[in-house]
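I have placed the structure first, in the form of structure tokens, so that the comments after it can refer back to it.
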Protein chains: 2
Amino acid sequence: MANALPIPKILLVDDDPDIIELLEYNLQKEGFEIKSALDGIQAVEVAKAFKPDLILLDVMMPRQDGIETARQLRLIPEFKEVYILFLTARAEEYTEVAAFDVGADDYIVKPIKPRALVSRIKAMFRREAQQIESDEKIEIGQLVINRTNYSVLNDGNPLVMPKKEFELLSFLAKHPNKVFNRDELLEKVWGTDVYVVERTVDVHIRKLREKIPEHYIKTLKGVGYMFTLEA
Amino acid sequence: MANALPIPKILLVDDDPDIIELLEYNLQKEGFEIKSALDGIQAVEVAKAFKPDLILLDVMMPRQDGIETARQLRLIPEFKEVYILFLTARAEEYTEVAAFDVGADDYIVKPIKPRALVSRIKAMFRREAQQIESDEKIEIGQLVINRTNYSVLNDGNPLVMPKKEFELLSFLAKHPNKVFNRDELLEKVWGTDVYVVERTVDVHIRKLREKIPEHYIKTLKGVGYMFTLEA
DNA sequence: CTTATTTTTATCAATTCTGTAAAGATTAGC
DNA sequence: GCTAATCTTTACAGAATTGATAAAAATAAG
């Protein structure tokens with residue numbers, strides 16, 4: 001995934017442990033956070049606690065099928081808009097129709113090709129991200145930070161910076177006059193599942209200061225760093 | 001067709017019976033009158049009798065593709081003004097295949113989300129169809145990319161390139177100064193239902209760089225590739 | 001059906017980026 | 001002005017990403 005910021009959470013629901021294992025492996029590898037349930041009833045329980053962004057739901061399950069599970073989920077306000085993606089066998093065409101009736105966003109036909117599934121899921125989140133992230137461009141002071149071409153202009157002069165520096169600068173510039181301690185920056189820029197030493201932030205700050213005018217990034221001793229326009 | 005009939009009639013054309021069934025169910029539920037055809041030749045026949053207000057046309061079909069079918073329909077005076085909405089696997093396919101040329105009014109990218117489709121169709125009947133502009137020819141830097149004869153001129157010198165390379169270059173050149181990661185390129189150029197390894201993109205990029213001046217395609221490490229005129 | 005071309009995958013080398021440690025500099029508090 | 005804490009800077013190792021090449025697979029052409 002390109003952006004480390006929010007890690008999408010996926011709930012897998014299938015009565016076949018082999019399928020669960022297969023999907024879990026492949027999706028975890030892509031950096032998604034995964035939880036699973038072996039039937040529909042369990043699924044609703046897990047969903048309430050886990051709050052997934054996407055639910056992968058097998059249609060044919062004992063106790064309670066996928067359609068009914070989806071129906072129940074849709075009754076919960078929290079899951080009115082959550083993505084639901086059905087897993088179905090080719091034979092059960094009728095379920096496809098019924099599935100969309102309960103607000104399925106897409107469906108995958110078994111046998112599942114992991115690569116295809118991963119690619120579809122990624123595309124799904126990407127489209128959503130595009131709609132949300134309209135702030136592709138930040139103009140602040142004499143800086144123009146543009147995510148579409150990953151460029152930073154300093155008073156019109158282009159600056160080259162690697163990914164992490166760009167992300168760090170973007171984040172700070174997006175919240176001017178607000179201090180962040182190193183932990184917060186690590187969480188917001190590096191991500192929640194990355195463990196690095198706090199001092200790492202310092203080094204990146206330093207590299208930024210080599211490129212943009214010094215006064216933009218202020219150190220607050222004992223507290224953290226802050227993007228500011230004032231002296 | 002501008003006149004708003006009491007019950008709009010829609011003709012579905014797709015070689016996949018599952019898609020037909022899915023769409024038929026969802027559109028009928030919305031009160032449209034539906035007929036379907038499994039290929040382009042059949043479609044023309046059915047259209048003559050059914051006189052639809054809107055034709056939903058799959059681009060990729062055996063025997064006769066959607067573009068050719070649309071062309072034939074447009075030859076019939078009765079269908080000169082009928083709404084035609086293409087179903088395509090790739091967003092880019094729409095313009096690539098010159099769908100606009102045969103008077104397409106809009107397009108839907110697969111996989112189809114019924115809820116989205118229904119609202120698009122409703123909107124279509126509500127508003128006046130608007131012409132979607134296209135670019136058969138891209139002139140950028142010293143390159144001229146011409147889709148009508150599938151040629152690329154570099155400073156006047158013709159370059160020969162296979163399909164995928166051409167598509168990739170076209171796409172990048174159409175969106176200069178915008179980075180795309182490999183996933184995005186795969187989705188836009190390869191299509192939503194083609195699943196190949198991400199690094200496949202690299203090889204095509206490399207081949208492009210052998211033909212066009214190096215500086216046109218920039219690598220942004222950890223991010224993706226970008227077409228640019230700047231150094 | 002065979003051959004040629006294109007497309008995709010796999011592998012290894014080259015490059016760039018990132019994280020860490022450690023020494024030097026600065027600041028704040030006393 | 002001294003001391004301790006905190007931050008800055010440098011340098012380097014190893015992670016991660018990309019480039020280049022070759023070979024396999026798929027597709028198109030003859």
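All figures in this text were calculated on a predicted structure; none of them were measured in a lab. Proteins come first, then strands; the chains are lettered A, B, ... in the order of their sequence lines, and each starts at number 1.
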Original post:
What is the distance, rounded to the nearest whole Å, between atom CG of B/Asp202 and atom P of D/dA16?
Top reply: 18 Å
Original post:
Which whole-number value in Å describes the distance from B/Phe166 CZ to C/dT6 P?
Top reply: 15 Å
Subject >> B/Glu198 atom CD: more than 12 heavy-atom contacts under 6.0 Å >> reply: yes
Original post:
Should B/Tyr225 be listed as having a side-chain N or O under 4.0 Å from OP1 or OP2 of D/dG19?
Top reply: yes
**OP:** Return the 5'-most residue of the pair A/Val201, A/Arg115 with respect to DNA chain C, ranking by each residue's nearest nucleotide.
**Re:** A/Arg115
Original post:
Counting just side-chain N and O atoms, does B/Thr219 come under 4.0 Å of either OP1 or OP2 of D/dT17?
Top reply: no
Original post:
Looking at A/Tyr216, is A/Lys218 sitting on its ring face, NZ or CZ under 6.0 Å from the six-membered ring centre and within 45 degrees of the normal?
Top reply: no
Original post:
Between D/dT18 atom P and B/Asn181 atom CG, what is the distance in whole Å?
Top reply: 10 Å
Original post:
Quick one: is A/Arg182 getting a side-chain N or O under 4.0 Å of the D/dT6 phosphate, OP1 or OP2?
Top reply: no
Original post:
Should B/Arg206 and B/Glu210 count as an ion pair when the cut-off is N to O under 4.0 Å?
Top reply: yes
Subject >> Side chain of B/Lys207 - closest among C/dT18, C/dT8, D/dT8 >> reply: C/dT8
Subject >> Below 4.0 Å: OP1/OP2 of C/dT8 and any side-chain N or O of B/Trp190 >> reply: yes
Original post:
Using 4.0 Å as the upper bound for N to carboxylate O, is an ion pair formed by B/Glu68 and B/Arg71?
Top reply: yes
**OP:** Calculate the interatomic distance between A/Leu168 atom CG and C/dG19 atom C1'; express it in whole Å.
**Re:** 14 Å
Original post:
Between B/Glu198 (CD) and D/dA16 (C1'), how many Å, whole number?
Top reply: 14 Å
**OP:** Please answer whether the main-chain N or O of A/Lys9 pairs with a side-chain N or O of A/Asp53 as donor and acceptor at a distance below 3.5 Å.
**Re:** yes
Got a list of protein N/O to nucleotides 13-17 of chain C N/O distances below 3.5 Å?
| residue | atom | partner | partner atom | Å |
| --- | --- | --- | --- | --- |
| C/dT15 | O2 | B/Lys221 | NZ | 3.0 |
| C/dT16 | O4' | B/Lys221 | NZ | 3.3 |

Original post:
At under 4.0 Å, does any side-chain N or O of A/His204 touch on OP1 or OP2 of C/dT18?
Top reply: no
Original post:
How close or far is atom C1' of C/dT9 from atom CZ of B/Arg206, stated in whole angstroms?
Top reply: 15 Å
Original post:
Strictly by modelled atom types, are B/Arg74 and B/Thr69 linked by a side-chain donor-acceptor pair under 3.5 Å?
Top reply: no
Original post:
When you measure from the side chain of B/Val203, which nucleotide among D/dG19, C/dT8, D/dT10 comes out closest?
Top reply: C/dT8
**OP:** Give a yes or no on whether a salt bridge exists between B/Asp183 and A/Lys122, defined as a side-chain N under 4.0 angstrom from a carboxylate O.
**Re:** yes
Original post:
How close or far is atom C1' of D/dG19 from atom CD of B/Glu210, stated in whole angstroms?
Top reply: 11 Å
Original post:
Can you tell me how far P of D/dT18 sits from CG of B/Leu208, to the nearest Å?
Top reply: 17 Å
Subject >> A/Ser151 versus A/Asn146, side-chain donor and acceptor atoms under 3.5 Å >> reply: no
**OP:** Record whether the side chain of B/Arg199 comes under 3.5 Å of the base of D/dG19 through a donor-acceptor pair of N or O atoms.
**Re:** yes
Subject >> Sugar-phosphate, base or nothing in reach of A/Thr200, heavy atoms under 4.0 Å >> reply: base
